[in-house]
Protein chains: 2
Amino acid sequence: MIANKNYVIRLSNYRNALKRFKKLGFIRVFSDNLADAVGVSSSQVRKDFSLFGITGNKKGGYQVDELTKKIDSLLGKDRVQSVVLVGAGKIGKALINYKAFEPEGIRIVAAFDIDEKEINRKTPIPVLPLDDLEVYIKKNKIEIGIIAVPENVAQSVMDTMIEAGIKGVLNFAPIHLRGNDDTVINNANLRLELENVIYFVNALGKTKRKR
Amino acid sequence: MIANKNYVIRLSNYRNALKRFKKLGFIRVFSDNLADAVGVSSSQVRKDFSLFGITGNKKGGYQVDELTKKIDSLLGKDRVQSVVLVGAGKIGKALINYKAFEPEGIRIVAAFDIDEKEINRKTPIPVLPLDDLEVYIKKNKIEIGIIAVPENVAQSVMDTMIEAGIKGVLNFAPIHLRGNDDTVINNANLRLELENVIYFVNALGKTKRKR
DNA sequence: TAGATTGTTAATCGATTAACAATC
DNA sequence: TAGATTGTTAATCGATTAACAATC
């Protein structure tokens, strides 16, 4: 399996670039075009494609439509991805209202919260009691979950999800979650992202002053 | 300058581990202890420290307090980091209420929004008109900014920030922002994070079925 | 002193880039 | 055909790991 996160990010970048080429009326693109658009080398583009089993035509490049379709399939864009969200707090609500998901085929089908006041079955994305989570996942065969609950309950939510058959989790809780070997865990630690910015600003500032 | 994001993440992990060792009453730790706690090799720990100019004592390991202090300083934890937030929508509000910032010395000092209805100078973190952004940054010498506005206005906010002297940006808008060479940009693309999970779940699922 | 741990150098591993034969 | 582009192999680059001399 392709193990590196960067491959997937590049794949997604190629996809965005392809959309733009399509809009400009391109029927086919060369590895050079994509490389320029995404900011990588053309070797990288061809290497990536070869890795994912994508082939083009020598001299003819890649058909935009065909290539788009192949990348869509790799990224699971050829079908709607149903996702459950646990935690209807501030981050949970932001995700429920996040507009970049739906047009990309990602659908949060239900949210869950332990707080009775948050429960609401009438909203487009219903907010259900946390106790219903396991049954819901099993019944609807959901594979992807988002954890947006406080640190101290994140692991127990994770355990429930795995028990119910979830295969991949995006975790917003600032804690290292334990899964099993079959579970993909991706941590979105907002504090860490900001700390990264802070570190590099400080480091850059220091080298500058030294010059 | 240390260019790799992973170094900073590991540094932050060492820091968390150190806090736990401290709680357990450790006065000093060995590279082996830290390696176990963080899940890297002890070579890596020592290599990282050597890179950041951190030295220990042969045989004696590292003093927990001293080491913590050094890492704190590298990560800018020895002082409060003031940050401005632009965009008081769903994500913006989630960040305003994000509890993991303040105890780590990250303070959102003001938020800005273009929508009059969102303006509120009385809240602990005031929400001010977008027009005041540039003056505010300059007056308070803010170096770090968070962009949580819609895609179509993100670049113009970025431009204003740079104009005003911002040195680092955490960007939540799903778009590639252009800065200049002195500006650190870190993109927190939530959709991309979720797409990563989806990709690996699909890829893992396929290899499994093949077995 | 004997044993253990650092700090650094060398070896390995993995990812990116360059080069070029195949070929359209 | 001549020229251009792919797909892949080899070379390079960078990051991680192993090994070990220095030394506490």
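Hydrogens, waters and symmetry mates play no part in the numbers below; they use all other heavy atoms, side chains included. Reminder, nothing fancy here: chain letters follow the sequence lines and each chain counts from 1.
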*With sequence neighbours excluded, what pairs up with B:Asn186 under the side chain to side chain donor-acceptor pair (under 3.5 Å) test?*
A:Glu193, B:Lys5

*Would you kindly give the CD-to-P distance between B:Gln44 and C:dG7, to the nearest whole Å?*
15 Å

*What is the pairing partner of D:dT16, taking Watson-Crick or G-U wobble pairs with both distances under 3.5 Å in any strand?*
C:dA11

*Would you indicate which nucleotide in D:dG7, D:dT16, D:dT6 comes nearest to any side-chain atom of A:Thr55?*
D:dG7

*Between A:Asn33 (CG) and D:dA4 (P), how many Å, whole number?*
15 Å

*asked:* So that I can tick it off, tell me whether B:Glu104 and B:Lys99 are bridged by a salt bridge, with the cut-off set at under 4.0 angstrom between side-chain N and carboxylate O.
replied: no

*Does the pair A:Glu66/A:Arg28 count as a salt bridge with the N-to-O cut at 4.0 Å?*
no

*Out of D:dT17, C:dT6, C:dT17, which nucleotide sits closest to the side chain of B:Phe30?*
C:dT6

_Between C1' on D:dT5 and CD on A:Gln63, what's the gap in Å once rounded to a whole number?_
14 Å

_Ring center gap for B:Tyr14 and B:Phe49 short of 6.0 angstrom_ = yes

_If you assign B:Phe49 and A:Val40 each to the DNA chain C nucleotide with the nearest heavy atom, which residue ends up on the more 5' nucleotide?_
B:Phe49

*If pairing requires Watson-Crick or G-U wobble contacts with both distances under 3.5 Å, which nucleotide is the partner of D:dC24?*
C:dG3

_Within the 4.0 Å heavy-atom criterion, would you say A:Gly60 contacts the bases, only the backbone, or no part of the nucleic acid?_
nothing

*Which listed nucleotide (C:dT6, C:dA15, C:dT17) is nearest to the side chain of A:Ser41?*
C:dT17

*asked:* Between A:Ile54 and B:Asn57, which residue's closest nucleotide on DNA chain D lies nearer the 5′ terminus?
replied: A:Ile54

_Between P of D:dA18 and CG of B:Asp32, the distance in whole Å_ = 12 Å

*Measure the distance from CG on B:Asn4 to C1' on D:dC13 and round it to the nearest whole Å.*
14 Å

*asked:* From C-beta outward on A:Lys59, which listed nucleotide comes closest to its side chain: C:dT17, C:dT8, C:dC24?
replied: C:dC24

*asked:* Counting distance alone, no hydrogens or angles: does the base of D:dT6 have a donor or acceptor under 3.5 Å from a partner atom on the side chain of A:Lys58?
replied: yes

*Taking only the side-chain heavy atoms of B:Lys47 (C-beta and beyond), determine which of C:dT9, C:dA15, C:dG7 contains the nearest atom.*
C:dT9

*Just call it for A:Tyr62: base, sugar-phosphate, or nothing, with non-hydrogen atoms closer than 4.0 Å on any strand.*
sugar-phosphate

*Specify the separation, in whole Å, of atom CZ of B:Arg46 and atom C1' of D:dA22.*
13 Å

*Separation of D:dT8 C1' from A:Leu51 CG (nearest whole Å)*: 12 Å

*Reckon B:Ser31 has a side-chain N or O less than 4.0 Å from the OP1 or OP2 of C:dT6?*
yes

_Residue B:Tyr7, side-chain atoms from C-beta onward, closest of C:dT16, D:dT8, D:dA15_ = D:dA15

_Looking at B:Asp182 and B:Lys167, is there a salt bridge between them, counting it only when a charged N and a carboxylate O are closer than 4.0 Å?_
no

*Euclidean distance, atom CZ of residue B:Arg28 to atom C1' of C:dA4 [Å, nearest integer]*: 11 Å

*asked:* Apply ring-ring contact (aromatic ring centres under 6.0 Å, His included) to residues B:Phe112 and B:Tyr136 and explain how you reach the verdict.
replied: CA-CA 10 Å; B:Phe112 295 84; B:Tyr136 187 98; 5.4 Å; yes

